[in-house]
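Data first, discussion second: the structure below is written as structure tokens.
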Amino acid sequence: MYTMGIMRTDKIAYIGCHLSSVNGFAAMGRDAQSIGANTFAFFTRNPRGGKAKDIDPADAKALMDMLAANGFGKLVAHAPYTLNPCSDKENVREFAHIAMADDMKRMEYLPGNYYNFHPGSHVGQGLEKGIELISGLLNEIIDPGQSTTILLETMAGKGSEIGGNFDELAEIIARVRHDEKVGVCFDTCHVSDAGYNINEDLEGVLDEFDRVIGLDRLKAIHINDSKNPLGAHKDRHERIGEGYLGADTIAKVVYDPRLIGRPCILETPQDSLEGYGNEIKMLRDKETEKHGR
């Protein structure tokens, strides 16, 4: 098992990956520990949609106890990919409502964590209509007493996808009544594909994010390399160090003084848990090498 490092700022870099929930919550915690992760993500139900399996409260408690005992950061649950709250089809929007409302109840078994979703595609209805539908759904499902923070993911801006720039996300948040329950998940591949140059000007991109949305809203990070160059609007993830961003840029994001402490989730194309473990170790080693310890 890899050792989790503590940074010079006395803050911990929380790095993990998506894990399968097929064997339950506690099993995910054990898998995370086996690869040196101190956070992780999981789908609340099949990523292509469908009914979620019943939750075993004892299993959920076992995971929460394990996380507390081992210094884990917050978890990042992920909504299914098929969820599109701004679809032009009523049945698709209805599924988004049912799934997200149900997931908010389910997340209370793992209190205080994050729930991430793709804002969706307006499929020809226009940006204004799409933002109206997304914010409307959030207003319907958010309970001010919930412990979960819902995260809008930054997107690559392909097609009619919403969230390809920070202004669109800010406008959605501005229309949510209980906006204290809403944050953003910053995806490195997506923001680069959307045209934000984190390779050469990470500080400038973060400054713009802070100006438009506020860095206090940036709650989690998807750390992915990209198969495509800056501004490609294609959204194809690559393994760390094998794409246009490179391992040094990803490490800069993970260890940036303004970002460190957020859960950083790998979504790179790996065939095994060992592959993710190698990427986690590589990112931790980069910081160790930088400071000679």
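Small disclaimer: the values here were computed from a predicted structure and weren't measured. Worth knowing before you read on, the calculation uses all heavy atoms, side chains too, and leaves out hydrogens, waters and symmetry mates. Start at 1 with the first residue, then count along the sequence.
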One pair to check against salt bridge (Lys or Arg N to Asp or Glu O under 4.0 Å): Asp143 and Lys181. What are the steps and the verdict?
CA-CA 9 Å; Asp143 180 336; Lys181 300 297 181 183; over 6 Å; no

Have Glu153 and Asn116 got a donor and an acceptor in their side chains that come within less than 3.5 Å?
yes

Shared hydrophobic cluster, Ile260 / Val254 (ILVMFWY, side-chain heavy atoms < 4.5 Å):
yes

I'd like to know if the side chain of Tyr114 and the backbone of Val184 have a donor-acceptor N/O pair within less than 3.5 Å.
no

Which atom names give the shortest non-hydrogen contact between Gly120 and Asn84, and what distance separates them?
CA-OD1, 3.3 Å

At their closest point, which heavy atom of Leu83 faces which heavy atom of Pro85, and how far apart are they?
CD2-CD, 3.5 Å

With side chains defined as the heavy atoms from C-beta onward, is the minimum distance between Pro119 and Met155 less than 4.5 Å?
yes

Look at the aromatic rings of Phe186 and Phe209 and report parallel, tilted or perpendicular, splitting at 30° and 60°.
perpendicular

At what distance, to the nearest 0.5 angstrom, does CD1 of Ile223 lie from CG of Leu259?
11.5 Å

When you look at Asp271 and Arg239, which way does the salt bridge (Lys or Arg N to Asp or Glu O under 4.0 Å) test go after all the steps?
CA-CA 11 Å; Asp271 298 323; Arg239 295 178 181 180; 3.7 Å; yes

A quick test of your reading: do over 12 heavy atoms of other residues, nucleotides or ligands sit less than 6.0 Å from OH of Tyr109?
no

Relative to each other, are the rings of His18 and His78 parallel, tilted or perpendicular (30° and 60° limits)?
tilted

Rounding to 0.5 Å, atoms CG (Leu151) and CD1 (Ile221) come to a distance of 11.5 Å

Are a donor atom and an acceptor atom from the side chains of Thr154 and Asp187 found within less than 3.5 Å of each other?
no

Residues two or more places apart in sequence or in another chain: which of them pass ring-ring contact (aromatic ring centres under 6.0 Å, His included) with Tyr115?
none

Are side-chain heavy atoms of Phe25 and Ile55 found at a separation under 4.5 Å?
yes

For Arg217 and Asp179: C-alpha separation, side-chain torsions, deciding distance, then whether salt bridge (Lys or Arg N to Asp or Glu O under 4.0 Å) applies.
CA-CA 10 Å; Arg217 297 270 186 194; Asp179 66 315; 2.5 Å; yes

Of all heavy-atom pairs between Asp193 and Pro229, which one has the smallest distance, and what is that distance?
OD1-O, 4.1 Å

Quickly, which of Glu242, Arg236, Glu238 forms a side chain to side chain contact (heavy atoms under 4.5 Å, CB included) with Pro269? Name it, please.
Glu238

Check for a donor-acceptor pair, side chain of Lys53 on one end and backbone N or O of Val22 on the other, with a separation under 3.5 Å.
yes

So does Lys158 get a backbone contact from the side chain of Glu161, meaning a donor-acceptor N/O pair under 3.5 Å?
yes

Minimum heavy-atom distance between Lys227 and His237, given as atom pair plus value
CE-O, 3.2 Å

Under 3.5 Å: donor-acceptor pair, side chain of Asn199, backbone of Tyr244:
yes

His178 side chain to Glu180 main-chain N or O, any donor-acceptor pair under 3.5 Å?
no

Distance-minimising heavy-atom pair for Gly112 and Ser147
N-OG, 3.1 Å

Spacing of CG belonging to Leu19 relative to CG belonging to Asp31, to within rounding of 0.5 Å
6.0 Å

Under a 3.5 Å threshold, yes or no: a donor from one side chain and an acceptor from the other, between Asn224 and Thr268?
no

Given Lys252 and Asp256, is the salt bridge (Lys or Arg N to Asp or Glu O under 4.0 Å) satisfied, shown in steps?
CA-CA 6 Å; Lys252 279 196 299 182; Asp256 186 279; over 6 Å; no

Cys86 side, atom SG; Arg93 side, atom CZ - distance, nearest 0.5 Å
9.5 Å

Asp216 and Ile213: which non-hydrogen atoms are nearest, and at how many Å?
OD1-O, 4.5 Å

Do Leu152 and Val212 share a hydrophobic cluster (ILVMFWY, side-chain heavy atoms under 4.5 Å, transitive)?
yes

Return all side-chain donor-acceptor pairs below 3.5 angstrom for residues 131-141, not counting sequence neighbours, or 'none' if the list is empty.
| unit_1 | atom_1 | unit_2 | atom_2 | d |
| --- | --- | --- | --- | --- |
| Ser135 | OG | Ile131 | O | 2.8 |
| Ser135 | OG | Glu132 | O | 3.2 |
| Asn139 | OD1 | Arg177 | N | 2.8 |
| Asn139 | ND2 | Ser135 | O | 3.3 |
| Asn139 | ND2 | Arg175 | O | 3.0 |
| Glu140 | OE1 | His97 | NE2 | 3.2 |

Contact check, side chains of Arg258 and Glu203, non-hydrogen atoms, under 4.5 Å:
yes

